[in-house]
Amino acid sequence: MGTGSSQDYQKIKLRKLGAYFGAEVNGVDLTKKLTSKEVIEITQALAEYEFLVFKNQNISSEDQIRFAEIFGKLSVHPFSPNSEKIPELIIFENDENNPPFGTDIWHSDETFRDSPPMATCLRAIDVPKVGGDTLFSSMSAAYDGLSERMKSYISGLEAIHDFKPFKKLFDNDEAGMKDLHRFELMWPPVTHPVVRSHPVTGRKVVFVNPQFTVQIKGMNEFESRSLLTDLFDLAKIPEYQYRLHWENNTMVLWDNRSVQHYAVHDYWPQRRHLERVTIEGDKPFGSDVVASEESLLGGKSPRPAGVKPGHGNHAPKREFLREIERSK
Ligand code: SIN
C-alpha cells in the first residue's frame, strides 16, 4: 500500500483508516464535476486502498450516479429493491415495516454474474443513532496472511457462484417456481477463480463468499464444504476488517474485486436509508493454471476422464434425464 503522501496524491487528501486497507478522502466536493486529475487520483486510490470514504457530501442521487459513472457503466441488479425511474439506483430504505433483507452476510456484490461489478458506491441518507454499521474485510490482506502451503493448495481452483439467497424472494407456489426457473435460465451458475488477480494492482485476492459461492468445482461435496468454510472464515478475522460507523452524507466507494462487506442488521426496527449503485466489472481471472476436474476428484472409485456421474453407458436412467429427453 502506498504512503498516501503528497507525492502520490496531489489533488486529493488521504487519511489511512485500517492497517491493511481503507482511506478517508478529503479535499473533493462531489456536488461539482471532478477534474481529470482528481479522477485519476481517486481511481488509483481505489485500487490501492480498496475502500474509500467521503464524508460530509450533501449530494443528490443524480450526483452519486454522475460520480459513479466516471468509473464505468452502472449495472441494474435483478433482485435488489431499486428505483422505478432509475433502475440502476438500489434503495435500501428500511424501517419497522420493512426489515432489511439479505445483506447481513459476508459478500462481494453480485458474484453470481459472469462479470461481477468492479466497484460499489453506497451513500447514507438517514442513518440510525445506534447500530447499522457496515463491516469491510480486505480479501487481499486475507490472501497475504495464508501460509505458502495453503496458497499453493487453493491456487488454480475454481468455484461456482449462484444467486441462491434471492431464490427466497420467489413465491413457493407453481407460478413462483415457474418464475424462478425463468430467472435461473437467465442467471445460470457461473465459475470464478478461487484466487483472483486484481486487474490493476496484480495482488491476489481470495474470491469466494458465503452469500453466493456454492461449491469448489471438481471437489467432492464434503471437501468443498470444509474448504469453503475455512475460506469464508477469513473475512471474519478482525485484523483484515474495518468497521464503518455511518453518518448522514457519508459516501463509500469500495473495490468489489478485493473487498467483502457485511451490513449489521442490529439497528432494526429503527429507520436506515442508503442508496447504492454498482459499476460493471470484467470477468475475474486467476494467475495460475486451472486444475483439471480429474486431478481433483480422486477418491475411492476414480472415474475415467470425461465420464460424468450417472451418465455412463450403463448408468441407470433417472426421471429428470427422461424428462429432459422427452422435452427435446
Ligand atoms: C450491501 O450489501 O450493499 C448493503 C450494505 C449496507 O447496507 O450497509
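Side chains are part of it too, since the values below use all heavy atoms of this structure and drop only hydrogens, waters and symmetry mates. Treat the numbers as computed from the prediction; the structure is a model and nothing was measured. Both counts, for ligands and for their atoms, begin at 1 and track the order of listing.
Screening residues 245-255 for salt bridge (charged side-chain N to carboxylate O under 4.0 Å, His left out), with sequence neighbours left out, gives Asp255-Arg257.
Qualifying ring-ring contact (aromatic ring centres under 6.0 Å, His included) partners for Trp254, counting only residues two or more places apart in sequence or in other chains: Phe136, His261.
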What donor-acceptor contacts under 3.5 angstrom involve side-chain atoms of residues 176-195, with partners at least two apart or in another chain?
from, atom 1, to, atom 2, distance (Å)
Glu184, OE2, Lys167, NZ, 3.3
His192, NE2, Thr111, O, 3.0
His192, NE2, Arg113, O, 3.0

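Ring centroid separation for the pair Phe79 and Phe163 comes in under the 6.0 Å cut-off. Between Phe67 and Phe54, the ring center distance clears the sub-6.0 Å criterion.
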Ligand-protein N/O pairs under 3.5 Å (ligand 1):
from, atom 1, to, atom 2, distance (Å)
ligand 1, 2 (O), His107, NE2, 3.0
ligand 1, 2 (O), His261, NE2, 3.0
ligand 1, 3 (O), His261, NE2, 3.4
ligand 1, 3 (O), Arg276, NH1, 2.7
ligand 1, 7 (O), Arg272, NH1, 2.9
ligand 1, 8 (O), Thr134, OG1, 2.5
ligand 1, 8 (O), Arg272, NH2, 2.8

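Scanning all heavy atoms of the two residues, the minimum distance from Asn82 to Pro87 falls at ND2-O, 3.0 Å.
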